Amino acid sequence: MRYGKLMLAAFIILSLTALPLSEAHILIVADSLSDSSCMYDEAKKVATTLKNRGYQVVELYQKNATIKNILKGMYGADAVIYAGHGGYMSGNYDCRGGYASPPFSLVASDGYIWGAGDMVQVNGQTFYLPFKEGIPVILLHACFSTGWVEDYEVKNPIETIYHFSRMFTGSGANYYATAWDGAEIIYDFLNGSKNFYEANQKNFEVINKSTVYNGTTIWRNDHGYAAFVGDWNGTFPGASNTTPYDDAAAEEWYRTKVKPNFTGSKPVADFTYTYCGSTSLRAFTFRSTAYDPDNDTITLKWNFGDGSTAACEEVTHTYARDGYYTVSLTATDSNGLISVKKKTITVGNPKPDLVVTGTRKSGSTLYIYVKNQGTVAARNFYTRVWYGSYSTKNYKQVYTGALNPGATVTLKTYYRYSRGTVKVDYYNKVSEKSETNNIRKF
């Protein structure tokens, strides 16, 4: 009936080691500790069903279910489905059906997302979860979420559910948790249930008892394996309301962790750029053309791809080095809705530049150190070593498929002489910034 191995030693560790109304997705998280294949199978089946019905789904399984990915996946979500572990802090539960006290957490592959009243806390930061108000958050098998841990019912199940649910209801979600197999509630919605009340009536366990705790109505049967906190009229989104997940906007939200209000339309971010002056290919003028369809006030942030940022409508920026840079403009409106526009620009005349930085002889093995000190990757080149100043017979050469800008590769080859000459890009196949620094004598 219930999955085992939900109480892991990792739970008691104290430290913690990317939309407006027309845009939405379903977030599915499962088997974050890679120890419950049944959770993975159940969630994967749900995901496949949803996608076959036209839903846009973000799936995070096992190692991909990190704290950051889970939180970003919640940004703008129209539903969250979590099949995994629920955690607690050391000393807050005796593992044998005693009293359980908060905080409780979702367990990610690299740590914990702790409840902090109506908010969550991660790495010392406290913030509201960034999904839309009124969405369904459905938890499958997570300890404490229904008042059960393994085969033990906690002494204070109603209080435990209240505290576990607050991190979701505090951001406006309808909370439904179950320890039964099958994710039945989701299929009830997909098979025509209009709201949680109708779906509940079709379930194997119909929740029909409520208790008011701290002014909040907690729905749970005596010794029941399902719980609900929220509005019974709450529903599950339709497939026509979902569009692809916006990772760029989610990444920007994760940087600020300010809860957005998903009303109206998000801003439209865009910009133009021109070379600044005729003598430098490294200086650019960037101009924002961002606007908000609702005429909300917007704030702008530039990221020029070289570690520099700015916050204005028009800015001139000079790059220190040639290369290809991804410039992004983030527009955030007064409701916290985010739009990001990215463009890749060419700065100067970017080229690779290969150089032999050194050699080392050990027995009959020669080590050759090659660096690409240019601004573009060098690809498909040979490095040749020979005795004396020139040889077409007594040589060895090594092939390199790619070497990124700033990267160094150590080449190794058999070489019986103590002295010689080495040349990188021997056949001159790579168009380099300098063609005169490829040879080194040793």
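All residue numbers in this chain count up from 1 along the given sequence. No experiment lies behind these values; they were computed from the predicted model shown. Values below: every heavy atom of this structure, side chains too, minus hydrogens, waters and symmetry copies.
Neither side chain, Ser288 nor Glu313, offers a donor N or O lying under 3.5 Å from an acceptor on the other. Arg360 and Tyr369 are linked by a side-chain donor-acceptor pair at a separation below 3.5 angstrom, with hydrogens and angles left out of the test. The closest side-chain donor-acceptor pair between His317 and Asp306 falls under 3.5 angstrom. If you check the side chains of Glu432 and Asn438, you find a donor sitting under 3.5 Å from an acceptor.
Shortest non-hydrogen contact noted between Val424 and Val355 is CG1-N, 4.2 Å. Smallest separation of non-hydrogen atoms from Ala269 and Ala290: CA-CB, 3.9 Å. Closest non-hydrogen pair, Ala226 versus Tyr176, comes out as CB-OH, 3.8 Å. Scanning all heavy atoms of the two residues, the minimum distance from Ile161 to Gly147 falls at CG1-N, 3.8 Å. Taking each heavy atom of Leu27 and Gly73 in turn, the nearest pair found is CD2-C, 3.7 Å. Taking every heavy atom of both residues into account, Ile28 and Ala43 meet most closely at CG2-CB, 3.9 Å.
Formation of a donor-acceptor pair under 3.5 Å by the Asp31 side chain with backbone atoms of Asp35 is found in this model. With Thr357 contributing its side chain and Lys371 its backbone, the two residues share no donor-acceptor pair below 3.5 Å. Side-chain N or O atoms of Asn372 include one that pairs as donor or acceptor with a backbone N or O of Asp353 at under 3.5 Å. Without hydrogens or angle criteria, Asn335 side chain to Leu337 main chain gives no donor-acceptor distance under 3.5 Å. At distances below 3.5 Å, not a single donor-acceptor pair connects side-chain atoms of Thr332 with backbone N or O atoms of Ile338. Judged purely by atom type and a 3.5 angstrom limit, Lys44 has no side-chain atom pairing as donor or acceptor with the backbone of Tyr61. Looking only at distances, a side-chain donor or acceptor of Tyr175 sits under 3.5 Å from a matching main-chain atom of Ser145. A distance-only check finds a donor-acceptor pair linking the side chain of Asp425 to the backbone of Val430 [under 3.5 Å]. Side-chain atoms of Ser105 do not come within 3.5 Å of backbone N or O of Val107 as any donor-acceptor pair. Between the side chain of Asp94 and the backbone N or O of Gly98, at least one donor-acceptor pair lies under 3.5 Å.
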Donor-acceptor contacts under 3.5 Å from residues 399-410 side chains, at least two apart:
{"residue": "Tyr399", "atom": "OH", "partner": "Asn380", "partner atom": "OD1", "Å": "2.5"}

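Side-chain atoms of Lys423 and Trp386, non-hydrogen and from C-beta on, do get closer than 4.5 Å to each other. Contact annotation: the side chain of Gln397 approaches that of Tyr427 to within less than 4.5 Å [non-hydrogen atoms, C-beta and beyond]. Taking 4.5 Å as the limit, some side-chain heavy atom of Tyr128 sits within range of a side-chain heavy atom of Met119. For the pair Val154/Tyr99, no side-chain contact is recorded, criterion being any heavy-atom separation below 4.5 Å from C-beta on. Two residues are said to be in side-chain contact when any heavy atoms from C-beta on lie closer than 4.5 Å; Thr146 and Trp180 fail this criterion. For the pair Arg379 and Pro352, the minimum side-chain heavy-atom distance is 4.5 Å or more. At least one side-chain heavy atom of Val122 sits less than 4.5 Å from a side-chain heavy atom of Leu71. The shortest side-chain heavy-atom distance between Ile26 and Val58 does not fall under the 4.5 Å cut-off.
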Task: Audit row: Lys132, Ile135, side-chain contact (heavy atoms from CB on, under 4.5 Å) steps and yes/no - done: CA-CA 6 Å; Lys132 295 178 184 174; Ile135 74 164; 3.7 Å; yes
Open item on the list: The test is salt bridge (Lys or Arg N to Asp or Glu O under 4.0 Å); show your working for Lys259 and Glu133 and say whether it passes.
Closed with: CA-CA 11 Å; Lys259 187 177 186 336; Glu133 189 167 347; over 6 Å; no
Open item on the list: Using the rule given for side-chain contact (heavy atoms from CB on, under 4.5 Å), can you reason through Asn174 versus Val137, listing the C-alpha separation, both sets of side-chain angles and the distance that settles it, and then say yes or no?
Closed with: CA-CA 6 Å; Asn174 291 306; Val137 170; over 6 Å; no
Task: Derivation and outcome, side-chain contact (heavy atoms from CB on, under 4.5 Å), residues Thr365 and Lys412 - done: CA-CA 7 Å; Thr365 301; Lys412 184 173 68 173; 3.2 Å; yes
Task: Test side-chain contact (heavy atoms from CB on, under 4.5 Å) applied to Leu300 and Leu329, step by step - done: CA-CA 7 Å; Leu300 303 174; Leu329 175 64; 4.1 Å; yes
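For Phe442 and Tyr415, the ring centers are positioned less than 6.0 Å apart. In summary, the aromatic rings of Tyr162 and Phe164 are positioned with their centroids too far apart to meet the 6.0 Å limit. In summary, the aromatic rings of Tyr93 and Tyr88 are positioned with their centroids under 6.0 Å apart. Ring centroid separation for the pair Phe304 and Phe286 comes in under the 6.0 Å cut-off.
Because its NZ or CZ atom is both nearer than 6.0 Å to the ring centre of Phe271 and within 45° of the ring axis, Lys343 counts as a cation-pi partner of that residue. For the pair Arg384 and Tyr426, the cation-pi test (distance below 6.0 Å, angle within 45°) is passed. Judged by the 6.0 Å and 45° rule, Lys72 forms no cation-pi pair with Tyr75. A cation-pi arrangement is found for Lys257 relative to Tyr254, the charged atom lying closer than 6.0 Å to the ring centre and inside a 45° cone about the ring normal.
By the 4.0 Å N-to-carboxylate-O rule, Glu42 lies too far from Lys45 to be salt-bridged with it. The residues Lys68 and Asp110 are annotated as not salt-bridged, no charged nitrogen and carboxylate oxygen being separated by less than 4.0 angstrom.
Under the side chain to side chain contact (heavy atoms under 4.5 Å, CB included) criterion, Arg53 pairs with Thr49, Tyr55, Leu190, Asn191, not counting sequence neighbours. Arg321 pairs by the salt bridge (Lys or Arg N to Asp or Glu O under 4.0 Å) definition with nothing, not counting sequence neighbours. Evaluation of the side chain to side chain contact (heavy atoms under 4.5 Å, CB included) rule for Thr285 yields Thr274, Cys276, Arg287, Glu314, Thr316 as partners, not counting sequence neighbours. Remark: Asn69 pairs with Leu60, Thr66 by the side chain to side chain contact (heavy atoms under 4.5 Å, CB included) rule, at least two apart or across chains. Taking the salt bridge (Lys or Arg N to Asp or Glu O under 4.0 Å) definition, one finds that Asp294 meets it with nothing, sequence neighbours left out.
Within 6.0 Å of atom NZ in Lys342, 12 or fewer heavy atoms from other residues, nucleotides or ligands are found, so the atom counts as exposed in its surroundings.
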